[in-house]
Student: 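Have a look at the structure that comes next, please.
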Amino acid sequence: MIRLIGTLLMLTTTAGGYMFYDYKMSARMAGGDSAQELTFSEYLSHLSGRVAGLSAAASTSGLPTKLADMLPRPPEGWKARAVAPEDIDPFLPSSKKKADKAAVAALESLLKTDSGEGTEVATLAYQKGDRTVLIRAVRYPNLIFTGFAALDQRKNLQDMGAQFRGTPFMTVRGLDVTEDLLPEGFRGRLFLADVGAQIHLRVLAPKRMKDAELVAFFETLHVEAMNASVIDKAEGLGKVPVILLASAMADTDRDAYYAARTARAEEEARREEAGRKAAEAEAASGAAAEDVGISDMIGSLFGGNEPKAEEPAPAAKPEPKDADCTTSKDGVKRCKVGATEG
């Protein structure tokens, strides 16, 4: 019995310690420097969603769950390796003094192997001769997309897109890929896509690479696994065995393709806004319920909320004895008091 009690105490202490640590990490991921930014009730409400997300990912048969395993396989003749700081040098302008600082920062970010606590980053460099293609994917924490603790961060991720001049490039199994045309002087082509706003993909290729050559990198991107690993999944994404390349289309087909992409983007924006509004409403109702609960608790402790006993109605005055009463037509009762017994 003593051993059983000791085991239970140890498990309880371990679980409590883990929850405290996870709560602190969740608060920091939600954008705050301390746990004050995320209430414990909010943390508990998100915990079930996070566990469900992990269970769903683990139970998905045949699909990779690690982000690195979802990146493209090296095309024939190419080899994959870890990125190095000098990998972006061939993409920068010959003269760095007049180079656009925002564009330089965008390319340098492809070398980062960490994007904050709770994120998963996968970056590879594909090498063939003197040509290098950099691919980086970042998956942000489920917490941002499962409730109302990090709505600002969720909106920032949903609004993230081309920094310079975006143009539709291709659609890979339902995933729209955009080329962000870098400023003049840069010797690279930058491509971007996102899955549920939770996974963000960036591809940097030499400027001299043609569109048809780049298809080989995108065609083995595991879009279905990416879609399965995010909170806001898109139905059928990754299962459509079609790759559409804008530059290979006729003019009329390309116009229709652009229109379809615009419609999808607008629908997605409406859906994301609706989700944020629902989370805001949930936060407001939860805060109101929490305030009422605290008020009731304080009242019960100090007796402030105890219902007041109803005061008894005043007793009717008894009519004098030996009273001779009559009621007139106007309803007024008049009484004459007779002589009392002496």
Student: Between Glu179 and Arg189, is the closest basic N to carboxylate O distance under 4.0 Å?
Tutor: yes
Student: May I ask you to decide whether Glu213 forms a salt bridge with Lys128, counting only side-chain N to carboxylate O separations under 4.0 Å?
Tutor: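 Salt bridge between Glu213 and Lys128, a charged N being under 4.0 Å from a carboxylate O: no.
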Student: If every non-hydrogen atom of Gly118 is compared with every non-hydrogen atom of Pro141, which pair is closest and at what distance?
Tutor: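 So the minimum-distance heavy-atom pair works out to O-CG, 3.4 Å.
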Student: Measuring from atom OG1 of Thr171 to atom CZ of Arg261, what distance do you get when rounded to the nearest 0.5 angstrom?
Tutor: 5.0 Å
Student: Answer yes or no: are there more than 12 heavy-atom neighbours, outside Arg73 itself, under 6.0 Å from its atom CZ?
Tutor: no
Student: Could you give the side-chain donor-acceptor pairs of residues 190-199 under 3.5 Å, partners two or more places apart or in another chain?
Tutor:
| unit_1 | atom_1 | unit_2 | atom_2 | d |
| --- | --- | --- | --- | --- |
| Asp194 | OD1 | Ala197 | N | 3.0 |
| Gln198 | OE1 | Ile231 | N | 2.9 |
| Gln198 | NE2 | Tyr140 | O | 2.9 |
| Gln198 | NE2 | Asn142 | OD1 | 2.7 |

Student: Counting C-beta onward and ignoring hydrogens, is there a side-chain heavy-atom pair between Met226 and Leu221 closer than 4.5 Å?
Tutor: yes
Student: Can you find a pair of side-chain heavy atoms, one from His222 and one from Asp69, that are under 4.5 Å apart?
Tutor: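 They are not in side-chain contact.
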Student: How long is the span from the OG1 atom in Thr262 to the CG atom in Asp176, to the nearest 0.5 Å?
Tutor: 9.5 Å
Student: Please report the interatomic distance CG(Leu204) to CG(Leu182), rounded to the nearest 0.5 Å.
Tutor: 7.0 Å
Student: Give the minimum heavy-atom separation between Leu71 and Ala137, together with the two atoms involved.
Tutor: CD2-CB, 3.8 Å
Student: What distance do Gln153 atom CD and Leu143 atom CG have between them, rounded to the nearest 0.5 Å?
Tutor: 8.5 Å
Student: To check you understand the geometry: which heavy-atom pair defines the closest contact between Ala228 and Lys233, and what is its length?
Tutor: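 Smallest heavy-atom distance, with atoms named: O-CE, 3.2 Å.
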Student: Less than 4.0 Å between a side-chain N and a carboxylate O, is that true for Lys155 and Asp152?
Tutor: no
Student: Go through the steps for Asp87 and Arg81 under the test salt bridge (Lys or Arg N to Asp or Glu O under 4.0 Å), then give the verdict.
Tutor: CA-CA 11 Å; Asp87 282 335; Arg81 59 171 175 79; 2.8 Å; yes
Student: Is there a donor-acceptor contact under 3.5 Å linking the side chains of Arg136 and Ser109?
Tutor: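 The answer is no; no qualifying pair exists.
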Student: Is any side-chain heavy atom of Pro74 closer than 4.5 Å to one of Lys79?
Tutor: no
Student: Name the one of Lys277, Arg276, Arg270 that satisfies salt bridge (Lys or Arg N to Asp or Glu O under 4.0 Å) with Glu273?
Tutor: Lys277
Student: Taking Phe218 as the starting point, is it possible to reach Met209 by hopping between hydrophobic residues whose side chains are less than 4.5 Å apart?
Tutor: yes
Student: Answer yes or no: is there a donor N or O on one side and an acceptor on the other, between the side chain of Arg254 and the main chain of Ala246, under 3.5 Å?
Tutor: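 Indeed, once roles are kept as given, a pair shorter than 3.5 Å links the two residues.
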Student: Does Gln163 reach the main-chain N or O of Ala106 with its side chain, forming a donor-acceptor pair under 3.5 Å?
Tutor: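 No; zero donor-acceptor contacts below 3.5 Å.
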Student: Side-chain heavy atoms nearer than 4.5 Å, only ILVMFWY residues, links allowed to pass through others: does that put Met160 and Phe164 together?
Tutor: no
Student: Are Leu244 and Tyr257 side-chain neighbours, meaning at least one heavy-atom pair lies under 4.5 Å?
Tutor: yes
Student: Are the side chains of Lys66 and Glu120 in contact, using a 4.5 Å heavy-atom criterion?
Tutor: yes
Student: Answer with yes or no whether the hydrophobic clustering places Leu110 together with Leu67; edges join I, L, V, M, F, W, Y residues whose side-chain heavy atoms lie under 4.5 Å apart.
Tutor: no
Student: Output yes when a side-chain donor or acceptor of Gln127 lies under 3.5 Å from a complementary backbone atom of Gly129, and no otherwise.
Tutor: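 Flag set: sc Gln127 to bb Gly129 pair under 3.5 Å.
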Student: When you measure from the side chain of Arg165 to the backbone N and O of Pro183, does any donor-acceptor pair fall under 3.5 Å?
Tutor: no
Student: Mind checking whether Phe145 and Val230 have side chains closer than 4.5 Å, heavy atoms only?
Tutor: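 SC-SC contact between Phe145 and Val230 ruled out.
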Student: Please tell me if the side chains of Lys112 and Val121 come closer than 4.5 Å, counting only heavy atoms from C-beta onward.
Tutor: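 Lys112 does not reach Val121 side chain to side chain.
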Student: Among Ile243, Leu214, Val172, find the residue that satisfies the side chain to side chain contact (heavy atoms under 4.5 Å, CB included) test when tested with Glu219.
Tutor: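 Answer after filtering Ile243, Leu214, Val172: Ile243.
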Student: Would you mind writing out the side-chain donor-acceptor pairs for residues 90-101 within the sub-3.5 Å range, not counting sequence neighbours?
Tutor:
| unit_1 | atom_1 | unit_2 | atom_2 | d |
| --- | --- | --- | --- | --- |
| Asp100 | OD1 | Ala102 | N | 3.0 |
| Asp100 | OD1 | Ala103 | N | 3.0 |

Student: Check whether any side-chain heavy atom of Val133 lies under 4.5 Å from a side-chain heavy atom of Phe217, and answer yes or no.
Tutor: yes
Student: I'd like to know if the side chain of Ser247 pairs up with that of Asp211 as donor and acceptor (distance under 3.5 Å, no hydrogens or angles considered).
Tutor: yes
Student: Please give me the minimum heavy-atom distance between Leu107 and Ile88, naming the atom from each residue.
Tutor: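 Taking Leu107 first and Ile88 second, the nearest heavy atoms are O-CG2, 3.7 Å.
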Student: Is it true that Leu201 and Leu237 fall in one hydrophobic cluster, defined by side-chain heavy atoms closer than 4.5 Å?
Tutor: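 Yes, same cluster.
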Student: Looking only at heavy atoms, what is the nearest atom pair of Tyr126 and Trp78, with distance?
Tutor: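 Tyr126 and Trp78 have their closest heavy atoms at O-CZ3, 3.4 Å.
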Student: Just how far is it from atom CZ of Arg131 to atom CZ of Arg208, taken to the nearest 0.5 Å?
Tutor: 6.0 Å
Student: Heavy-atom count check: over 12 atoms from other residues, nucleotides or ligands less than 6.0 Å from Glu86 CD?
Tutor: yes
Student: If every non-hydrogen atom of Ala125 is compared with every non-hydrogen atom of Thr132, which pair is closest and at what distance?
Tutor: CB-CG2, 4.3 Å
Student: With hydrophobic residues grouped by side-chain heavy-atom distances under 4.5 Å, do Leu111 and Val203 end up in a single group?
Tutor: no
